[in-house]
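See below for the structure under consideration.
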There are 2 protein chains.
Amino acid sequence: MADIARMAGVNVSTVSRALSGSALTNEETRTRIMEIAAALKYTVNAAGQSLRSGQSRTIGVVIPIDPASQGHVSDPFFLSLLGGIADALTEHGYDMLVSRIHVDELEAASQLSATGRTDGVILIGQWHHHDQLNQIAARGIPLVIWGARLPYQKYATVGTDNTLGGELATGHLLDQGARRIVFLGDIELPEYRQRHQGYLNAHAKRGLLVDPSLTRAIAFVPALVRQEVEAMLASKAQFDGVFAASDVAAMTAISALLRAGVRVPDDVLVAGYDDIGPAAYTHPSLSTIRQPMHEAGQSLVAVLLRQIKGEPAASVVLPTELVVRDSTRR
Amino acid sequence: MADIARMAGVNVSTVSRALSGSALTNEETRTRIMEIAAALKYTVNAAGQSLRSGQSRTIGVVIPIDPASQGHVSDPFFLSLLGGIADALTEHGYDMLVSRIHVDELEAASQLSATGRTDGVILIGQWHHHDQLNQIAARGIPLVIWGARLPYQKYATVGTDNTLGGELATGHLLDQGARRIVFLGDIELPEYRQRHQGYLNAHAKRGLLVDPSLTRAIAFVPALVRQEVEAMLASKAQFDGVFAASDVAAMTAISALLRAGVRVPDDVLVAGYDDIGPAAYTHPSLSTIRQPMHEAGQSLVAVLLRQIKGEPAASVVLPTELVVRDSTRR
DNA sequence: TTGAAAGCGCTAACAC
DNA sequence: GTGTTAGCGCTTTCAA
């Protein structure tokens, strides 16, 4: 920067102002400085900028690692969400620092901000750690969570209306004639618990009873989902519908059913949750609840940046809609 | 840091040394300093550290956005690879800055290092930009590419042996009795071109002729793959095997075939490439060439860190093996 | 509209 | 083994 100042015959501070597009610069001086900078292939040093300004223009995105799934979060849903966040951050001129953090060490997430490495944190999923997240938020660290809206939360969340989504999916299965619907999903986690609540609501609104034995609270590891479906078939459990609280689980369930000679949708109707890309292209195509990834990214970033500016930021509930495809049509 | 120094009755430099685990510190002083730091919930400021040391301890991971797929890279393969890289970086104490960059603006990747934001760059896929990558590498920016080994490359690559993989997959299809095998993949991209070369080699080694009309050079967008398969069926093209140069493409092809009433593997054998998680759990399960994601991450990071240390870093070819599942068994 | 100068938090070369 | 000190590259307050 000093070099440019010398070459342009001005002071470094003028160069700094010109390069950052400050309003207090002469148009002519600015263009001259810009040209010299371009010729020198000069780029502002991020560390200096960050040290002085106290901002990193970087946001941390934390993907918790679930020990149950042996550290392999490979759900395409995450990648889509990550993409949505990346796009939104780019629009706002922020970089994205991605960390995988063990679900039981969420404290580490606050380190990202404590070290000044990031200006705020987006956490994907609240897991079992409602209280811990409240603590982090209370410490004043800008924080937004992708997840469910919970009572007494001090942190902001963005997500679909999980209860409504669960109700829409289950209601659709019931309206298509299913009467004994299996629920797949770990109801220990808030999002899935709410989807399960929707599953219960849909039955209640139609005056139908729910068989609790049809609720299978399992983690979404393909091998587990497959095992569970196979176990149900082996035990001759009666069911004519499956609501899996994620598309990947739904697809795995479908493949386990097909493998066992059970036809989908003819014998069993199946619905998922997320609407990941492949949902439209598998066979049969999958009915599901759409989670709008692009909007999700936009909202997560918008809410976080508002917090960084010091404004109070409210949670966002995204539009939640049913997408009907072949897996529930007969 | 000054506060800690005062409280510990030492100089800031001692604190700095203690906190960074320098060998030149008294054990006793160190623990005292550590305790005070912990009590104060102090963490070193990354910007100051980076500014002074000239290192960011951050690596940029660039995921090119392909305009053909409308900016939506949702292949689970990427997420697995990203996970592998993240794990390896964490082991070495590096952070991961993820950028989505348009394939035609790869210059931006070098900005990450020019601004000092990252110490090096891992680029996922070399696309059509061999020459441009050579330029960036020539500029001395530590750079590793996930992709194919090419003649006259000045940059380091890590990847499987694409030619061998293509040959293994195609050879297996031929050995299982397929004679007219469709190749799906954009052969303009080096990796897929090499896989196609393997496809040709497998035929040649068995003294079989290849019908060029069976090579379908399409981009891996689910809708396009599906269209292509449907078009082939509509035109009554004769084929009894499909080698898709990615698992997602293979799965989409299978679903398009099933939808049209073509049985897999009974009527048509299908093999993919990557061995993404779902490959084992779809119906039928997918035969494919395994790309070891964990090792991939380890190698990419190892090669890059070696370059950062100033050592010359050679490219790595990962073990490439065939995984046989139901989609090619009859 | 520009210049001068201080200082963000840290590390490392040098002195003791 | 520890202290002193300079300075990494930048922004911003204050003065002109």
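- As rounded to whole Å, 12 Å separates atom C1' of D:dT11 from atom CG of A:Asn11.
- In terms of phosphate contacts, A:Asn26 brings no side-chain nitrogen or oxygen within less than 4.0 Å of OP1 or OP2 of C:dT1.
- Atom CD in B:Glu28 sits about 12 Å away from atom P in D:dG1, given to the nearest Å.
- Side-chain proximity of A:Arg17 to D:dG9, C:dC10, D:dT13: nearest is D:dT13.
- When rounded to the nearest whole Å, the span between CE of A:Met1 and P of D:dC10 equals 5 Å.
- For the pair A:Arg6 CZ and C:dG3 P, the computed distance is 14 Å after rounding to whole Å.
- Shown here is B:Glu28, whose CD atom has no more than 12 heavy atoms of other residues, nucleotides or ligands within 6.0 Å.
- Close to D:dG3, at under 4.0 Å from its OP1 or OP2, lies a side-chain N or O of B:Thr14.
- Spacing between atom CG of A:Asp3 and atom C1' of D:dC10 amounts to 14 Å, rounded to whole angstrom units.
- Atom CD1 of A:Ile33 and atom P of D:dT11 are 13 Å apart (whole Å).
- In this structure, A:Ile4 places its CD1 atom 12 Å from P of D:dT11, rounding to the nearest Å.
- Salt-bridge check for A:Arg57 with A:Asp95: failed, with every basic side-chain N at 4.0 Å or more from each acidic carboxylate O.
- At least one side-chain heavy atom of B:Thr118 sits under 4.5 Å from a side-chain heavy atom of B:Leu112.
- When heavy atoms are screened at a 4.0 angstrom cut-off, A:Thr29 is found touching the sugar-phosphate backbone but no base atom.
- A salt bridge links A:Glu27 with A:Arg30: the distance from a Lys NZ or Arg NE/NH1/NH2 to an Asp or Glu carboxylate oxygen falls below 4.0 Å.
- Using a 4.0 Å cut-off, no side-chain N or O of B:Asn45 falls inside it from OP1 or OP2 of C:dC10.
- The listed nucleotides are C:dG9, C:dA6, D:dG3; the one nearest the side chain of A:Arg52 is C:dA6.
- Within 4.0 Å of B:Ser20, counting heavy atoms only, lies no atom of the nucleic acid at all.
- Using a 4.0 Å heavy-atom distance criterion, B:Thr25 is classed as a sugar-phosphate-only contact.
- Protein atom CD of A:Gln49 is 8 Å distant from nucleotide atom P of D:dC10, rounded to whole Å.
- Residue-to-nucleotide proximity on DNA chain D shows that, of A:Thr43 and B:Gly9, the 5′-proximal contact is made by B:Gly9.
- Residue contacts shown for B:Ser16 include a base, since a base heavy atom lies under 4.0 Å away.
- For the residue pair B:Ser56 and B:Ser50, the shortest heavy atom distance occurs at CA-OG, 3.9 Å.
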